[in-house]
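Quick notes on the structure that follows.
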Amino acid sequence: MYKSPLLASLALLIPSLSNAATLDVTVLNPDQSGVQGMILYAEPLEHSIPDLPSQKIEIAQKDRAFAPYITVMQRQDEVEFSNQDDFTHHIYSISGENRFSFKLRSGQSKALEGLSNNAGSETIAMGCNIHDWMSGFILILDTPYFTETGKNGQATLKLQQTGKYRLTLWHPQLKTTDNRLTKTINLANDQNITWSLANRFEVVPPQADEEDFEFLDKY
Amino acid sequence: MASRWLLLLSLTCLPANAMDIEWKGVADMRISHSSGIQSYVSGQTGKLQNSPGGDLSLGQLGVALNLGINDQSSIAVVGNSFIDDEKNSTGLTELFYQRSGLPNENGLRHGMRLGMFYPPISLENRATAWSPANSLTPSTMNSWIGEEIRTTGFEYTAEWLGKFRQADYDLKLSTGLFTMNDTAGAMLSWHGWGLSSRQSVYGEGLPIPQTPAQTGILSVQAKESDPFHEGDDRLGYYLNAEYLLKRKLLLQAGYYDNNATPYVETDGQYGWNTQFTYAGFRWRLNKQWSLMGQLMQGSTLMQSPQRVNVVDNDYRSGYLTLSWHNKPHSINARLEEFSVTDLDQTPGDNNDEYGKAFTLSYRYRLDKQWFLLSELNWIDSNRAARAYSNENTRKIEQQLQMALRYYF
């Protein structure tokens, strides 16, 4: 769903002066069930992150949906939209400085240009102006430490360095300020954290086209 | 009127190299066999698209061009051709400039259309070039929309997309101001409700069944009704509201009023003061089953230049369709009921009508773009005016159709 495992393993290869540490996080609902599909990221608060090469990330438009639904990227990464459907999509974002809009014909690709240079994380909410149910999100981060909670709500981050981190849980459907929950931790060595949510959260699958007939028009 | 068309045509003369041209289409090759009486399409009193006997026809050849000016603006040109034993008609069915803005951060989007287009009424005619998506023939209600309701004017639409507000519903409100639809109601009065997938093309004349009144008190009336006629230069209007919950349940309601002056006759075309309200729903019960229905109720009034009521009718039509989809199969069963109630005293022009219809359609997907459709239409109608041609007023008519449809 995102490009983190590669980055994370690359990061491990970089010789580090300090101790690396593994952070295991389990996100639980009030009923102790695991929360799957949440984005977890860690931002170091007292040290910087080495510059990393930019990655190429593809967001496809396939079967009248954004694939993937959620894309997590670092600011230096390059994003390319690729229309794999047989018809035109009109991709747009409604998000602040990162608003964009373009039509993409069948089989065409287009690099996303002109993203803002703001520091910190930013969210881009996207849609298609032809197929209203299509919904996609980009989360732009300044950190390579991100992952997604799996079954049982578990996620692992391999951090290059111990120290103080801000941990964030994000999901576009999370009904909190900026769709986020944060906590600060001081990581001295490998650590397991259980993160219990105050309210039950379950990812609703993104809206899909319910029709089995694609020759509909806007009548 | 000519100046309006010049304005529209001049829009299409923008430099071609500045435009992003896309086109879609539908071809529907059909064989049919009908029993009953001669079709209303050729000016008789039958309710089906085809007269008794067999017919090999071009059910529809529709082409929809979209000339993109920029990301948010384009010109839509839709042409259609319908060729069968009743009548051949080829021409423009829609021509408009449209602008669809982008939603803001609260999901509010503004849109507009300027030109000739269908008001957003039919829940059946949703596919390319206004073809019905799941059946060969739309309901009596939407057959009438295709025949007599076409608006030329301006439409504004506001939409609230729930996905940007963490809401599970979308809301859409449209309002239109229009001209060139002053005769809407004439054919509904004079031939009543019918079942047909035809659409009137710009400039088409609709033949009127002959009654004693047509040759007497109504002799000024042209032999054919012009559904695009403007007689009094007054604007009509419509309103449409749609609520879509979780993409599963669509609720729709609206009102149409052509605001025509009923006592103005120009070029053999009377003004018909016509208004109707309508409501509908489409409910996806699960992946296989869905239910859809629409109900329309309204009135139409046509007067003599002395402002005496000549045709004063109330009318009503409603349908309920149960659909089952399981790729590549789709089955639709539709029940409907319709009526026209004649409230005037004009001799030789009794428009009373009551009927029921049942349509069973089967659609099979042969290939990505190819579909095989077969359909049975059964319609039982009692129409008083059939007595003028010495027919039984009550008729049960049936039709079996098979079509090969290609979407491109």
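In what follows, chains are A, B, ... by sequence order, proteins preceding strands, each numbered from 1. Since we're looking at a predicted model, the values are computed, not measured.
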When [options] are compared by non-hydrogen pairs under 4.5 Å with chain A, the top option:
options	value
B:R284, B:K368, B:K24, B:Q369	B:R284
B:Q72, B:K287, B:R365	B:R365
B:P119, B:P103, B:P328	B:P103

With a cut-off of 6.0 Å (strictly less than), are more than 12 heavy atoms of other residues, nucleotides or ligands near [atom1] of [X]?
X	atom1	result
A:N117	CG	no
B:Y169	OH	no
B:W324	CH2	yes
A:K164	NZ	no
A:N199	CG	no
A:K183	NZ	yes

Part of B:Q98 lying under 4.5 Å from any heavy atom of chain A
neither
Under 3.5 Å, is there a donor-acceptor pair between the side chain of [X] and the main chain of [Y]?
X	Y	answer
B:K163	A:M134	yes
A:N129	B:G101	yes
B:Q166	A:P172	yes

Please walk me through it: do A:I94 and B:N104 pass side-chain contact (heavy atoms from CB on, under 4.5 Å)?
CA-CA 6 Å; A:I94 60 161; B:N104 66 15; over 6 Å; no
Where along residues 239-247 of chain B does a heavy atom come under 4.5 Å of chain A, listed by residue number?
B:R247
Using every non-hydrogen atom in the two residues, find where A:F100 and B:L102 come nearest and quote the distance to one decimal.
O-CD1, 4.4 Å
Between B:A127 and A:Y219 the two heavy atoms that sit nearest each other are O-CE1, 3.5 Å
Using the benzene-type ring in the case of Trp, are the ring centres of A:F215 and B:F408 under 6.0 Å apart?
no
If we only count heavy atoms from C-beta on, is the B:E22 to A:F87 side-chain gap below 4.5 Å?
no
What's the verdict on side-chain contact (heavy atoms from CB on, under 4.5 Å) for B:R126 and A:F213, showing C-alpha distance, side-chain angles and the deciding distance?
CA-CA 11 Å; B:R126 301 191 298 142; A:F213 182 76; over 6 Å; no
Examine the side chains of B:D71 and A:S101 and answer whether a donor and an acceptor come within less than 3.5 Å of each other.
yes
Between A:S95 and B:E105, does a side-chain hydrogen bond (donor to acceptor under 3.5 Å, both in side chains) hold up when you go through it step by step?
CA-CA 7 Å; A:S95 301; B:E105 294 204 13; 5.7 Å; no
